[in-house]
Every structure is written in structure tokens, then in C-alpha cells.
2 protein chains.
Amino acid sequence: MDKRKAILEAAVELIAEKGYTHTSMQQIADSVGVSKGSLYTFFPSKEDLIISIYEHYQQLVFERAFVVGLDGNLPPYERFAKQFQVQFEGILEYKAYMKMHMRGESAQSSEKLEGMGHRMRGRLFSWLERNLIELYGEEIAPYKWDLMWMTQSIYTSYTGLMISSENELVPEQLGKHIVRQIDILAKDFLAGKSNPLLDDQMMRPFSVGMDREGAFTSFEKRENAWKSLYESIHQLDQSHYYLEVTDRISEESRKSNPDEIVMRGLFQLLKADDELNEKAQLLEMQLLPGSEH
Amino acid sequence: MDKRKAILEAAVELIAEKGYTHTSMQQIADSVGVSKGSLYTFFPSKEDLIISIYEHYQQLVFERAFVVGLDGNLPPYERFAKQFQVQFEGILEYKAYMKMHMRGESAQSSEKLEGMGHRMRGRLFSWLERNLIELYGEEIAPYKWDLMWMTQSIYTSYTGLMISSENELVPEQLGKHIVRQIDILAKDFLAGKSNPLLDDQMMRPFSVGMDREGAFTSFEKRENAWKSLYESIHQLDQSHYYLEVTDRISEESRKSNPDEIVMRGLFQLLKADDELNEKAQLLEMQLLPGSEH
DNA sequence: AATGTGTTTGACTCAATAGTCATTTTTACG
DNA sequence: CGTAAAAATGACTATTGAGTCAAACACATT
């Protein structure tokens with residue numbers, strides 16, 4: 001069993017409940033069933049531990065949505081909603097992590113953590129921006145900050161609602177709901193009925209570092225692998241069949257415990273086609289790094 | 001000089017910047033220029049200190065808006081916007097407190113603090129509800145939770161934007177902006193184009209304790225004093241003149257350092273009318289408790 | 001000046017806890 | 001097996017910081 005992962009999971013659970021400062025290394029150790037000293041063979045310090053937690057979970061939660069974004073099968077509006085849905089599903093799955101994250105209280109603002117939060121926000125905003133432009137074209141630009149800001153706040157607050165209570169918020173409905181509300185607000189802006197309040201100048205602190213590579217390098221690689229695979233498929237004649245297979249891979253990979261055998265099988269189907277072989281193998285290596293015999 | 005107040009202010013400043021756990025009593029003492037021991041003559045514990053901070057500032061920030069709500073001169077829509085505006089002005093004035101509040105991290109969830117947060121949220125929601133019903137009538141009821149939730153999240157996130165950056169968000173514009181967005185969403189709901197996602201059942205945790213007396217008793221009294229004064233004025237013939245005076249009182253009282261002499265003078269104007277004398281005196285006692293000779 | 005009252009002080013206690021490291025236990029392998 | 005390397009342990013150290021309290025101080029009253 002992976003002890004490192006066990007420690008991360010126990011720590012998330014405790015920190016979500018009691019907060020960073022009120023969770024001692026001893027408690028974490030007890031909860032995992034190892035000694036305190038052992039923790040320090042995996043993480044050089046408490047702060048490193050929480051940073052590792054962020055590194056571990058962040059991608060798990062956010063990567064999902066970006067992959068859905070690449071699937072050209074869905075029309076933009078539905079795809080946007082689906083992305084929210086997938087995101088919410090992720091949040092539900094990693095409830096404890098999100099709780100911890102939303103508490104906000106962590107080590108005294110280390111460089112590293114701050115940079116991480118920064119990148120996360122940047123990613124969220126650039127993702128929203130991409131979707132807005134896809135949906136409404138360039139003419140949405142003057143209103144994008146207002147829309148993005150409101151979307152982000154609604155998204156965040158529904159996230160909080162989702163993880164705090166036991167109520168039955170369905171990710172699918174929630175995704176549709178949010179996109180619907182954005183749509184209403186966007187159309188109102190486009191009709192010239194409201195004036196925007198925020199502009200580039202004002203939002204500079206949020207736009208620097210937006211959509212920058214370097215962040216999430218491992219994720220970046222994976223995203224590119226997906227992208228190039230999808231592109232190759234679209235050039236094919238029987239794209240429909242391969243898209244279906246690829247979507248199935250995407251679905252499986254989004255699970256918290258993807259079935260490796262199923263994945264390997266699905267990849268085998270793609271590799272049958274000479275045109276796709278290379279790209280598929282590339283993605284497979286990204287998703288299933290272990291044992292390529 | 002009021003040492004107690006000085007301590008509260010220094011503490012807010014420090015806690016806003018570094019967080020509750022990373023601000024020691026020693027630092028607070030140093031910042032005020034007294035000894036650590038002295039703090040304990042004013043506040044029995046660190047936790048009591050932060051609770052006192054909340055008690056001190058909460059009303060300052062939130063009371064304002066409710067008073068504006070009583071002025072029947074403004075049409076509902078404009079009044080709603082004005083209330084937001086006034087709220088944002090308050091937030092700007094007590095930036096450090098809001099920063100501290102938004103950090104969220106405080107003593108390990110004491111009963112008292114939790115109850116306070118609960119009451120605050122309850123007040124916010126019941127205030128929103130009142131305004132929604134005033135604007136759209138009872139038919140808004142099925143959609144009220146969705147609207148309130150989105151409004152609350154937009155409001156909160158703009159608050160964060162306001163206090164975090166030095167950008168020039170103008171409270172007046174912001175107030176109008178928010179009401180405008182609510183209006184768009186509300187009209188869409190009323191047109192039957194969107195379906196609500198939240199309902200009473202789901203939102204029970206937020207609705208219990210909504211609009212309950214007992215919370216903010218001192219404020220409650222003051223609110224009633226305002227209410228009955230406004231009512232008396234409306235029954236008068238020259239209501240216009242007295243309304244103007246009363247609005248001026250309201251404006252003055254909203255300042256962080258109301259001019260007592262001005263206030264007394266304004267009240268004198270009201271007390272000149274026999275019909276108003278009693279109510280005016282009542283409110284005067286609420287607003288200017290000291291030295292009634 | 002003397003006395004008394006209330007305030008202020010800062011050295012001290014005491015608990016919590018991050019991080020260390022010599023010792024013990026487990027594992028790996030010849 | 002036996003032995004060496006790796007991993008795990010928990011007693012120990014060092015630090016931080018909340019809260020205490022006897023002594024010093026300030027100030028008023030007589």
C-alpha cells in the first residue's frame with residue numbers, strides 16, 4: 001500500500017475538519033497508524049506536507065474539466081455545462097480536500113502556496129475566457145471580466161454549498177444552471193443593456209500569469225497528448241468510432257480508480273489504426289505511466 | 001483615549017494581515033504600546049478579544065443598509081441599490097475588519113462565534129428576501145433561494161475584490177450593478193425560462209434563525225425607533241420637510257464619526273413638531289446615548 | 001507627605017507541538 | 001540463516017505563545 005498517499009489522505013481529512021494549525025503532526029501520524037518520525041521520511045516539514053496535498057489533489061479536481069473541453073463532439077454550450085458538471089463531480093469526490101481548500105487557512109502564506117493559488121485562479125479564468133469567447137465571439141471581450149468574475153463567484157459559492165451540506169445538488173443540473181445564468185447575463189451585456197464594471201486595467205492582478213505554461217507541467221503534457229489525439233482522430237474518416245472509444249477513455253480516466261485493464265484495452269483499439277498509433281501511445285504513457293513492458 | 005478601542009483596532013489590523021493564529025497577544029500589545037498583561041484586563045482571553053472585535057464592527061458595517069431600507073422616499077429598486085451602495089461604503093471604511101472577516105480563520109470554532117456568523121448570514125438572507133418580495137411580489141417565492149444565493153455570492157466576491165485591491169470600485173456603481181444583475185436573473189425566472197435549483201427544504205440550514213429577534217438586540221431597538229419615526233412622519237402633512245431632515249440624520253449617523261452637535265440640532269428640528277417629539281426623542285436616545293441632561 | 005486604590009507591568013509557568021536522532025525493527029539478499 | 005541496508009520508532013529538544021501574578025507604579029484624597 002502507498003503510505004505516502006495514505007498520509008496525504010489522512011491529513012486532508014483532519015485538516016478539513018480542524019484546520020491546518022489545529023492539526024498536529026502527531027494526530028496525522030496516529031490517524032494513519034505510523035509514528036510521527038515516519039512522516040518526516042515522506043515530507044520534510046509540515047508545510048511541505050500541505051503543499052504536497054495541494055499538488056496531489058489540485059489536478060485530480062481540475063484536470064477533468066479541461067479534457068471534456070477538448071471533445072469537439074458536443075456543441076459549445078453543452079460542452080461548457082458538461083465541464084462544470086464534471087468539475088462538480090470531482091468536487092463531490094474529493095470533498096475533504098475542497099473543504100480544506102475552502103477553509104483557506106494554511107501555512108503562513110509561503111511563496112510556494114501563494115504561487116499555486118495564483119496559478120489555479122489563472123487557470124480558472126483563462127478557462128472561463130476561452131469558453132466565453134467560444135460561445136459569444138470576440139464581441140464579448142468588453143464584458144468578459146464582469147462575466148468571469150460573477151461566474152467565478154457563483155461557481156465558488158455553489159461549491160461551498162455542495163461540500164458543506166448533505167443536500168442533493170446534482171452536478172449535472174448545477175452545471176446547466178450555471179451556464180444558463182451566465183448566458184442570461186452575457187446576452188444582457190451584448191444587448192447593450194448593462195455596462196461593464198471591470199476592465200483589463202482593474203483586473204491586471206488576476207490576468208497576469210493567466211494561461212501560462214510551466215504551471216502544472218505534468219498536466220500540460222497530458223493535455224497536449226489529449227489534444228493531439230483528438231486532432232488526429234478528426235482527420236480520420238471513421239472519426240465517429242474512434243471518438244467514441246476516446247470518450248470512453250476520457251470517462252474512465254476521470255474515475256478516481258480507473259480500471260487499468262479497461263484502459264489498456266481501449267488504447268489497444270486506437271492503436272489498431274496506424275494513423276493513431278503514435279498519439280494513442282503517447283497519451284497512454286501519460287495516463288498509465290507504469291509497466292509498459 | 002479609549003484603550004479598549006485602540007486594542008481592538010490594532011488587533012484587527014494585525015489579524016487582517018497575518019491571520020488569527022499567527023498574531024500573538026504580544027504583538028498586539030506591542031502594536032498598541034501596552035504590556036501583554038494589560039490586554040487581559042480588557043479581554044479575558046484571546047478568543048474573547050476576537051469575539052469583541054466582531055461585536056464591535058459587525059453592526060458598524062451592516063446596520064447602515066437597514067436604515068436606508070426604511071426610507072420610503074426611494075422607489076424599491078433604487079432603494080435596494082442604495083442599500084448595497086451604503087453597505088459597500090461601510091466595507092470600504094472598515095477594510096481591515098472585512099479583510100479579517102474574509103480570511104475566515106479564527107479561534108477553533110467557538111460556540112459564540114459560530115452563532116454570530118449564523119445570525120449575520122440570517123440577517124443578510126432575510127434582508128435580501130424582504131427586498132426581493134418588495135420588488136417582485138410573492139410570485140418570486142419559488143425562485144427566492146436561487147436568487148438569494150447567487151446574490152449573496154456575487155455580493156461577497158465583489159466585497160473581496162473591493163478590499164483586496166486598490167482599484168477604484170465605486171460603491172454607487174457597484175450597488176446599481178448588482179441590483180441590475182439580480183433583476184435580469186429574476187425576470188428570467190419569472191418568465192419561466194429557468195428552473196430553480198434550491199428550495200426551502202435544501203436551504204433549511206440557512207433559513208433557521210432567519211430574521212429572528214434576539215440577535216443584535218441593541219440594533220433591533222434602534223431599527224424600531226427608526227421605523228416608528230418614519231411612520232409618524234409619513235402621517236404628517238409636511239412630511240417632505242421632515243423626511244429631508246430625517247434623511248440627513250440617517251446620513252450623519254452612518255458616518256464613522258457622526259458630529260454629535262449636528263445630530264442634536266437636527267433632532268431639535270424634529271422635536272419642534274409635537275407629533276414627532278416622542279419618536280424623535282426615542283431615536284435620539286438610541287443614537288446618542290450619552291448625556292441627555 | 002502619607003495612604004490607599006486601581007492600573008500596568010513583564011518575568012514566569014505551563015502546555016502544545018514541530019522537528020531530531022539514537023536505537024530498534026523490518027526487509028532484502030547472498 | 002546471517003548480515004547489511006532501509007525504514008520506523010518514540011523519547012527528546014527547542015520554541016512558541018497563552019495566560020498568571022506579585023511587584024511597581026500612577027494618581028487621587030486626606
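From a predicted model like this one, the values you see are computed outputs, not experimental measurements. The figures that follow rest on heavy atoms only: side chains count, while hydrogens, waters and symmetry mates do not. Note on naming: letters A, B, ... go to the chains in the order of the sequence lines (proteins, then strands), and numbering restarts at 1 for each one.
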Using atom names, set out every protein N or O paired with an N or O of nucleotides 14-16 of chain C below 3.5 Å, distance rounded to 0.1 Å.
none

Tabulate atom names and distances for all N/O pairs under 3.5 angstrom spanning the protein and nucleotides 6-9 of chain C.
unit_1 : atom_1 : unit_2  : atom_2 : d
C:dT8  : OP1    : B:Lys3  : NZ     : 2.8
C:dT9  : OP2    : B:Ser35 : N      : 2.8
C:dT9  : OP2    : B:Ser35 : OG     : 3.1
C:dT9  : OP2    : B:Ser38 : OG     : 2.9
C:dT9  : O5'    : B:Ser35 : OG     : 3.4

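Contacts of B:Phe267 classified as ring-ring contact (aromatic ring centres under 6.0 Å, His included), with partners at least two apart in sequence or in another chain: none. Remark: B:Thr159 engages B:Phe88, B:Ile91, B:Met98, B:Met102, B:Tyr155 in a side chain to side chain contact (heavy atoms under 4.5 Å, CB included) (not counting sequence neighbours). In this structure, the side chain to side chain donor-acceptor pair (under 3.5 Å) partners of A:Gln27, at least two apart in sequence or on a different chain, are A:Lys18. Take B:Tyr158 and apply the side chain to side chain donor-acceptor pair (under 3.5 Å) test, not counting sequence neighbours, and it matches B:His177. Not a single side chain to side chain donor-acceptor pair (under 3.5 Å) links B:Gln268 to another residue, sequence neighbours left out. With sequence neighbours left out, A:Gln26 forms a side chain to side chain donor-acceptor pair (under 3.5 Å) with A:Asp30.
A:Tyr40 has its OH atom 18 Å from the C1' atom of C:dA22, to the nearest Å. Protein atom CG of B:Leu14 is 13 Å distant from nucleotide atom P of D:dG17, rounded to whole Å. The nearest whole Å value for the distance from the CE atom in B:Met25 to the P atom in D:dA18 is 7 Å. Rounding to whole angstrom units, NE2 of residue A:His22 and P of D:dA18 are separated by 11 Å. Between the CD atom of B:Gln26 and the P atom of C:dG10 there is a distance of 9 Å, given to the nearest Å. In this structure, B:Lys46 places its NZ atom 15 Å from P of D:dT16, rounding to the nearest Å. In this structure, A:Asp30 atom CG and D:dG10 atom C1' are separated by 11 Å, rounded to whole Å. Atom-to-atom, CD1 of A:Ile28 to P of C:dG19 comes out at 11 Å; the value is rounded to the nearest Å.
Using a 4.0 Å heavy-atom criterion, one finds that B:Thr23 contacts the sugar-phosphate atoms exclusively.
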| task | Would you check, one step at a time, whether the test side chain to side chain donor-acceptor pair (under 3.5 Å) holds for B:Gln83 with B:Gln87? | result | CA-CA 6 Å; B:Gln83 285 179 295; B:Gln87 203 104 328; over 6 Å; no

Residues 32-45 of chain B side chain polar contacts: donor-acceptor under 3.5 Å, at least two apart:
unit_1  : atom_1 : unit_2  : atom_2 : d
B:Ser35 : OG     : B:Ser38 : N      : 3.4
B:Thr41 : OG1    : B:Ser38 : O      : 2.7
B:Ser45 : OG     : B:Glu47 : N      : 3.4
B:Ser45 : OG     : B:Asp48 : N      : 3.1
B:Ser45 : OG     : B:Asp48 : OD1    : 2.9

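Residues A:Met100 and A:Ile50 have side chains in contact (heavy-atom distance under 4.5 Å, counting atoms from C-beta outward).
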